[in-house]
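Have a look at the structure below, then the notes.
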Amino acid sequence: FTPDGFLLVVVGGFLVGFGTRYADGCTSGHAIMGLSIMNWPSMIAVIGFFIGGLVMTHLFLPLILKL
């Protein structure tokens, strides 16, 4: 409940919304529907989501939280 935490949540929410529009769908839609019909663009998107999440969690998030 700090101003820095609030800013982090707002910026994160904006980035999720931007990514949803840029990828033509949300992560759940690509993962559930796209993979169930073996859609290659959805598979590439889901792999990118996982890689991006791992990079963010292990590399960038510790740096952001130290600020």
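Qualifying side chain to side chain contact (heavy atoms under 4.5 Å, CB included) partners for V16, counting only residues two or more places apart in sequence or in other chains: T20. Checked against side chain to side chain contact (heavy atoms under 4.5 Å, CB included), M43 has the following partners two or more places apart in sequence or in another chain: L35, W40, I47. Legend: residues meeting side chain to side chain contact (heavy atoms under 4.5 Å, CB included) with L8, ordered by chain and number and at least two apart, are I64, L65. Considering only residues two or more places apart in sequence or on other chains, F14 meets the ring-ring contact (aromatic ring centres under 6.0 Å, His included) condition with none of them. A45 pairs by the side chain to side chain contact (heavy atoms under 4.5 Å, CB included) definition with H30, F49, not counting sequence neighbours.
Put simply, L7 and L15 are part of the same group of oily side chains (I, L, V, M, F, W, Y) that touch within less than 4.5 Å, one to the next. Hydrophobic clustering places M56 together with F50 (ILVMFWY residues linked when any side-chain heavy atoms are closer than 4.5 Å, directly or through intermediates). V55 and V11 are not part of a single hydrophobic cluster, where members link through side-chain heavy atoms under 4.5 Å apart.
Counting Ile, Leu, Val, Met, Phe, Trp and Tyr side chains that sit under 4.5 Å apart, directly or through other members, I37 stands alone, with no cluster partners. Cluster partners of F6, by chain and number: V10. The rule joins Ile, Leu, Val, Met, Phe, Trp and Tyr whenever side-chain heavy atoms lie under 4.5 Å apart.
The line from NZ of K66 to CG of L61 is 11.0 Å long, rounded to the nearest 0.5 Å.
When all heavy atoms of P62 and T57 are compared, the pair lying nearest together is CD-O, 3.4 Å.
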